[in-house]
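A quick write-up on the structure given underneath.
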2 protein chains.
Amino acid sequence: MVSSKRTAPDAMSDIDLIVERLEMRGHRVTESRRRVLAGVLAQPAHFTIDDVVHAARQVGRATVFRTVKLLLDLNILCRILLDDGTLHYRLSTRGHHHHLVCRDCGRVEDFTRCDVPALVRQLARATDYEIEGHWLEVYGRCRACARRDGRARSGRAKNAARRSIGATAGAQRRRRTQAR
Amino acid sequence: MVSSKRTAPDAMSDIDLIVERLEMRGHRVTESRRRVLAGVLAQPAHFTIDDVVHAARQVGRATVFRTVKLLLDLNILCRILLDDGTLHYRLSTRGHHHHLVCRDCGRVEDFTRCDVPALVRQLARATDYEIEGHWLEVYGRCRACARRDGRARSGRAKNAARRSIGATAGAQRRRRTQAR
DNA sequence: CACTAGAATGAGACATGGTCTCATCGAAGC
DNA sequence: GCTTCGATGAGACCATGTCTCATTCTAGTG
Ligand SMILES: [Zn+2]
Ligand SMILES: [Zn+2]
Ligand SMILES: [Zn+2]
Ligand SMILES: [Zn+2]
């Protein structure tokens with residue numbers, strides 16, 4: 001009973017495109033799912049599930065988790081492993097791709113070149129494994145952050161103090177949460 | 001006050017080798033740390049922090065976490081991201097390496113060939129990032145598991161039903177936990 | 001249109017992994 | 001032996017995610 005009902009069939013919004021993919025796969029199109037979708041589409045470049053929980057306020061937490069998982073299955077979202085160990089999500093346009101993540105500001109670039117297949121062939125031969133997939137994330141600092149840090153040691157020190165995955169997950173989570 | 005005190009200086013155990021590295025870096029060598037170390041060394045190929053918490057029974061949980069983190073810093077342990085999203089740990093012998101993980105039985109092989117640097121150079125040029133590190137895990141099925149599954153569809157179906165990272169983390173965690 | 005099966009939901013308990021605080025302890029240097 | 005400051009442990013706390021189960025609602029059927 002919210003305003004965001006289906007729009008005219010010839011001017012399809014992003015939501016409707018996704019809804020169509022749901023239908024095609026035999027999933028039901030519910031108001032909650034629409035709301036989660038709207039919440040996802042309203043996010044910036046990447047976001048946590050909690051962000052969506054807050055954005056889709058009338059939807060239960062469990063349902064947000066379920067819906068996000070569904071969107072992952074449909075390749076509508078992809079996961080980003082930040083170097084602090086937290087998982088973020090982002091709309092996935094391309095097919096196979098990986099992420100280049102700035103450790104300071106969190107900016108994320110997709111990239112599609114992947115050198116892993118060659119490695120995989122050799123591994124398969126050497127180890128006798130059937131290789132089925134891989135996970136690759138690259139971490140660095142974007143130009144803006146690198147430049148800013150030339151003299152100002154402000155944000156950098158805090159953010160990059162502990163670089164190992166999961167190290168300061170707690171602290172960073174908290175900071176990010178309070179920030180909104 | 002436990003039996004595992006320092007042994008003769010000319011027959012150094014694994015523990016003492018690590019203890020030396022702690023001392024070199026100015027960390028104190030406490031009984032708790034020795035116990036965690038012993039717990040770690042007693043594990044199979046890879047393990048969770050919880051495994052160590054149980055193995056080093058007289059040591060507080062927080063201290064186990066702190067000590068494992070310390071061992072990561074010292075490159076004595078490395079992290080393995082299982083394809084169900086759980087983190088495991090293993091003794092790290094080599095330097096830069098990655099893991100090939102069997103999705104069915106959890107067997108892990110280290111491999112040192114890494115094709116990422118070439119990719120990184122190209123990325124650095126294309127995106128203007130200063131690239132500082134990467135995370136790569138490869139998933140597949142070891143020969144034993146592949147063969148066993150030829151006809152017996154037992155374990156495989158359960159384990160590989162959901163392949164996305166984190167999907168069945170709960171269920172698998174539980175299974176593994178009960179198993180001991 | 002009314003009816004229905006079964007998919008989806010929501011509330012909240014539960015599980016897990018990890019961090020933090022703070023009073024106390026003890027390893028190491030003198 | 002004393003002192004100092006790093007390390008510890010108990011336990012609260014937090015974030016992320018899953019499960020249960022009674023209830024609701026979509027979508028397909030007649
Ligand atoms: Zn940046
Ligand atoms: Zn790839
Ligand atoms: Zn296997
Ligand atoms: Zn590498």
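Chain naming here is simple, since letters A, B, ... match the order of the sequence lines and numbering starts at 1 in each.
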Roughly how many Å is it from [atom1] in [X] to [atom2] in [N], rounded to a whole number?
X: A/His88; N: D/dT16; atom1: NE2; atom2: P; value: 8 Å
X: B/Arg57; N: D/dT8; atom1: CZ; atom2: P; value: 19 Å
X: B/Lys69; N: C/dG18; atom1: NZ; atom2: P; value: 9 Å
X: A/Glu23; N: D/dA27; atom1: CD; atom2: P; value: 6 Å
X: A/Asp51; N: D/dA15; atom1: CG; atom2: C1'; value: 13 Å
X: B/Met24; N: C/dA28; atom1: CE; atom2: C1'; value: 18 Å
X: B/Glu20; N: C/dA27; atom1: CD; atom2: C1'; value: 17 Å
X: A/Phe47; N: D/dT16; atom1: CZ; atom2: C1'; value: 16 Å

message: Can you classify the ring geometry of B/Phe111 versus B/His98 as parallel (below 30°), tilted (30 to 60°) or perpendicular (above 60°)?
response: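 If you compare the ring of B/Phe111 with that of B/His98, the planes turn out tilted.
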If the cut-off is 4.0 Å, is [X] near the phosphate of [N], judged by side-chain N/O to OP1 or OP2?
X: B/Thr86; N: C/dT16; answer: no
X: A/Thr48; N: D/dT16; answer: no
X: A/His27; N: C/dA7; answer: no

Residue [X], side-chain heavy atoms: nucleotide from [options] that is nearest:
X: A/Ile49; options: D/dG17, D/dT20, C/dT19; answer: D/dG17
X: A/Asp50; options: D/dT16, D/dT18, C/dA8; answer: D/dT16
X: B/Thr30; options: D/dT8, C/dG17, C/dT9; answer: D/dT8
X: B/Ala62; options: D/dT8, C/dC20, C/dG18; answer: C/dC20
X: A/Arg66; options: D/dA27, C/dG10, D/dT18; answer: C/dG10
X: A/Arg28; options: D/dA7, C/dT19, D/dA27; answer: D/dA27

message: If only side-chain N and O atoms count, and only distance matters, is there a donor-acceptor pair under 3.5 Å linking A/Glu109 with B/Tyr129?
response: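 Indeed, the side chains of B/Tyr129 and A/Glu109 share at least one donor-acceptor pair under 3.5 Å.
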- prompt: On DNA chain C, nearest-nucleotide positions of B/Tyr89 versus A/Thr63: which is more 5'?
  reply: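 It is A/Thr63, whose closest nucleotide lies nearer the 5' terminus.
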- prompt: Considering heavy-atom distances to DNA chain C, does A/Leu70 or A/Arg61 have its closest nucleotide positioned more toward the 5' end?
  reply: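 Whichever sits nearer the 5' end wins; that is A/Leu70.
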message: By the 4.0 Å heavy-atom rule, please label B/Arg33 as base, sugar-phosphate, or nothing.
response: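 Touches sugar-phosphate only.
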task: Taking all heavy atoms of A/Cys102 and all of A/Cys142, pick out the closest pair and write down the distance.
output: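 Here A/Cys102 and A/Cys142 meet closest at SG-N, 3.3 Å.
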- request: In plain terms, say whether A/Arg90 and A/Asp110 are close enough for a salt bridge, that is, a side-chain N and a carboxylate O under 4.0 Å apart.
  value: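 Looking at A/Asp110 together with A/Arg90, the answer is yes, because their closest N to O distance falls below 4.0 Å.
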message: Under a 4.0 Å threshold between the charged nitrogen and the carboxylate oxygen, would A/Asp16 count as salt-bridged to A/Arg34?
response: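 Result for this pair is yes, salt bridge flagged.
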